[in-house]
Amino acid sequence: MTPIDIKWILEIAREAGGIALSHFGRTEGTLKADNSWVTQADVDVETFLRREIESRRPNDAILGEEGANPMPSSPVVWAIDPIDGTRAFIHGLPVWGVSIGAFENGEPTMGAFILPVLGDVYYADGACAFYNGRALAPPKPELDANALLLVSEGAFKRLRIDYPGKTLSLGSAAAHLCYVARGSAVGAFDHASIWDYAAGAAILKVLRIRLRYLSGRPVDFEELYCARAAPEPTLASSDLHFDALQRAFQCVD
């Protein structure tokens, strides 16, 4: 299996970010059949990334939010989200980005998430995680009245959140995971698809932060290769705080 070059991932991520930024504030969204948004930026960025990956690594499989996604059979699988946070993108808000993640034999190993408006780049090379070129250490956020818990928009509809700290939704699952990796948030709750998790999962993994289902079961990423949403909501946090955060979510009857 040919090693993956993290410098190449960062190069195409930055170029993809430039393509997305060229559309920012200049494109309108349309609703897809699943009631999610898509823009011409999503299409252009995914087309570019698929072409670059297929040219460099023709034997790898690719899963992308806007393309056809046959069930992959190769040991290396790429999951790309051309614009993670499309709703924020459409409304001119800055927290959106391009997510590129690689799985090797079902495990997240490398990935990059770039937020072009903010100029931020998060990535993992399989051994270390980085934020704007600075190595990240496993964070140790306090769970107190000011601790930030990031939640998906839909969480307010499906679950009641009894949490002593602050909750916030930024509209980007990948950004949420990166902010947990950085220690800005104590946890991130979402219910997303493989391309939303890919880069963030690789970054969290090297920082020893687990991505688990709300039930406590570890996420089986190969289970998500079918390109449907995860079978249940996910919660990313340190082992220290997982149980307390898990108890904060209560089903709404």
Side-chain angles (χ1 to χ4, degrees), residues 1-10 12-13 49-50 52-54 56-65 67 69-81 84 97-114 121-131 135-139 173-182 187-239 242:
M1 193 161 54
T2 306
I4 299 171
D5 183 358
I6 188 62
K7 292 182 179 179
W8 165 70
I9 295 177
L10 290 169
I12 63 173
L49 289 175
R50 283 181 178 270
E52 292 296 312
I53 295 170
E54 288 169 354
R56 178 79 168 242
R57 301 185 60 89
N59 296 321
D60 295 353
I62 304 173
L63 299 172
E65 185 171 13
N69 294 302
M71 192 67 179
S73 58
S74 61
V76 177
V77 177
W78 295 84
I80 55 178
D81 194 339
D84 188 78
V98 178
S99 178
I100 308 170
F103 297 88
E104 298 181 63
N105 298 313
E107 291 296 319
T109 53
M110 292 191 184
F113 181 63
I114 181 168
V121 179
Y122 297 84
Y123 70 95
D125 62 6
C128 296
F130 300 85
Y131 163 58
L136 294 173
H176 285 182
L177 296 181
C178 288
Y179 291 136
V180 171
R182 185 172 151 190
F189 168 87
D190 217 304
H191 196 179
S193 300
I194 188 72
W195 38 77
D196 302 291
Y197 294 120
I203 293 166
L204 293 175
K205 182 180 179 182
V206 298
L207 294 171
R208 300 188 294 279
I209 301 171
R210 291 197 285 171
L211 180 64
R212 286 169 279 190
Y213 290 118
L214 197 55
S215 64
R217 180 169 66 96
V219 173
D220 179 347
F221 292 100
E222 289 183 300
E223 183 180 42
L224 304 185
Y225 285 176
C226 62
R228 291 190 293 270
E232 60 175 294
T234 57
L235 180 59
S237 78
S238 69
D239 288 346
F242 183 86

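Atoms considered below: every heavy atom in the structure, side chains included; atoms not considered: hydrogens, waters and symmetry mates.
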Legend entry - Shortest non-hydrogen separation from P72 to V77 and the atoms involved: CB-CG2, 3.8 Å
Inset, instruction - Provide the closest heavy-atom pair for A124 versus A202 in the form atom of the first, atom of the second, distance. - result: CB-O, 3.6 Å
Legend entry - Residue of the set L207, L211, V206 for which side-chain contact (heavy atoms from CB on, under 4.5 Å) holds with I209: L207
From [X] [atom1] over to [Y] [atom2], what is the distance, rounded to the nearest 0.5 angstrom?
| X | Y | atom1 | atom2 | result |
| --- | --- | --- | --- | --- |
| C178 | I114 | SG | CD1 | 11.5 Å |
| R182 | L177 | CZ | CG | 14.5 Å |
| S238 | L204 | OG | CG | 11.0 Å |
| Y179 | Y122 | OH | OH | 5.0 Å |

Student check: side-chain heavy atoms of [X] and [Y] closer than 4.5 Å:
| X | Y | value |
| --- | --- | --- |
| R217 | P231 | yes |
| V219 | T234 | yes |
| L224 | L63 | no |
| I62 | I80 | yes |

Is it true that a side-chain atom of [X] and a backbone atom of [Y] form a donor plus acceptor pair closer than 3.5 Å?
| X | Y | result |
| --- | --- | --- |
| Y197 | A192 | yes |
| D220 | P218 | no |
| E232 | S215 | yes |
| D81 | E65 | no |
| D125 | I6 | no |
| R57 | T2 | yes |
| S74 | A61 | yes |
| N69 | G64 | yes |

Using distance only, find each side-chain donor-acceptor pair of residues 100-113 under 3.5 Å and give its atom names and separation, not counting sequence neighbours.
residue, atom, partner, partner atom, Å
E104, OE2, T109, OG1, 2.8
E107, OE1, K205, NZ, 3.4
T109, OG1, A102, O, 3.3

Inset, instruction - Could you check I4 against I9 for side-chain contact (heavy atoms from CB on, under 4.5 Å), going step by step and ending with a plain yes or no? - result: CA-CA 8 Å; I4 299 171; I9 295 177; 3.6 Å; yes
Inset, instruction - Please state whether the rings of Y123 and F130 are parallel, tilted or perpendicular, taking 30° and 60° as the class boundaries. - result: parallel
Inset, instruction - May I ask you to check if R212 and F242 form a cation-pi contact, with NZ or CZ under 6.0 angstrom from the six-membered ring centre and within 45° of the axis? - result: yes
